[in-house]
Amino acid sequence: MNKDAEMRSAINQKLTETGDREHLKELRRTKLIECGWKDQLKAHCKKVIIEKGLEHATIDDLVAEITPKGRALVPDSVNKELLQRIRTFLAQHASI
Amino acid sequence: MEEISLANLDTNKLEAIAQEIYVDLIEDSCLGFCFEVHRAVKCGYFYLEFAETGSVKEFGIQPVEEKGACRLPLCTLPGEPGNGPDQQLQRSPPEFQ
C-alpha cells in the first residue's frame, strides 16, 4: 500500500475509532432534514416512481435518478459546516 | 505501525482528504435514501411514507375507500367497512406477494 493510501486508511480508521464518523453522520442527518433536503428529495422521488411505474422501479433506476439530485440539493451552508467539522477533526489529529 | 503525521502535508492535500470524507458522507446519505425508497416500493408502503401529498391514484393504486373495503389503512380486500379483524390483512399489492 503506498503512503497516500496508508494515510487515508489511517484517517478513516481514526474517524471510526474516535466516534467522529458517527457524530458527523448525525450532524449531516440533522442538517439535511432541517434544511428540507429530505423533503425535496422525496418530491423528486415521487416523480421518478410515477414515471417508471411503481412495479418497474429498480434500485439501479433509483440510484441513477436520485443520487445526482441528492448531491445537487445539499445547500452550501450544510456543505461548509460539514467540511469545517472535518477540517477540525484533521487538525486535532495531526498525528495518527 | 509507523505513526503518520498530517502536519507535514500541504494544505491542498489536507483539503483533498477533507473533501473525500465529505463526499463519502453525502454519497452515504443519497444511497441510504435510495435503499429506503426501494424497500418502501417493494414492501408496498411507498405511498404511505414518501408521498405525503397527493393520492395513491397517482401510483395506479385504487384507494381503499373506493373499493368499499375496510377502512383500516392496511386492508385492501373488498367488503363492508368494519369487518376488521376477521379479514386477512394485505399490506402490499398482490404482485409483490
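Per chain, numbering begins at 1; letters A, B, ... match sequence-line order.
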A:Val48 side chain reached by B:Val37 side chain, heavy atoms, under 4.5 Å: no
Student check: side-chain heavy atoms of A:Lys52 and A:Leu62 closer than 4.5 Å: no
Region of A:Val74 in contact with chain B, defined by heavy-atom distances below 4.5 Å: side chain
Stepwise side-chain contact (heavy atoms from CB on, under 4.5 Å) test for B:Tyr47 and A:Lys46: CA-CA 9 Å; B:Tyr47 61 94; A:Lys46 185 176 156 183; over 6 Å; no
Contact origin within B:Asp24 toward chain A - heavy atom pairs under 4.5 Å: side chain
Enclosure of A:Arg71 CZ (heavy-atom neighbours >12, cutoff 6.0 Å): yes
Sub-4.5 Å side-chain heavy-atom contact between A:Leu41 and A:Leu32: no
Side chain, backbone, both or neither of B:Glu27 within contact of chain A (heavy atoms, under 4.5 Å): side chain
Min side-chain heavy-atom separation A:His93-A:Thr18 under 4.5 Å: yes
Leading residue by heavy atom contact count with chain B [cutoff under 4.5 Å; candidates A:Ile59, A:Asp61, A:Thr67, A:Ile66]: A:Ile59
Residues in residues 21-29 of chain A near chain B [non-hydrogen atoms, under 4.5 Å]: A:Arg21, A:Leu24, A:Lys25, A:Arg28
Main-chain N/O of A:Glu65 paired with A:His44 side-chain donor or acceptor, under 3.5 Å: yes
Heavy-atom contacts under 4.5 Å, residues 75-84 of chain A to chain B: A:Asn79, A:Leu82, A:Leu83
Lys/Arg N to Asp/Glu carboxylate O, A:Glu34 vs A:Lys31, below 4.0 Å: yes
Donor-acceptor pair, side chain of A:Asn12 and main chain of A:Arg8, under 3.5 angstrom: yes
Under 3.5 Å donor-acceptor, A:Trp37 side chain and A:Leu73 backbone: no
Sidechain N-carboxylate O distance under 4.0 Å for A:Arg85, A:Asp20: no
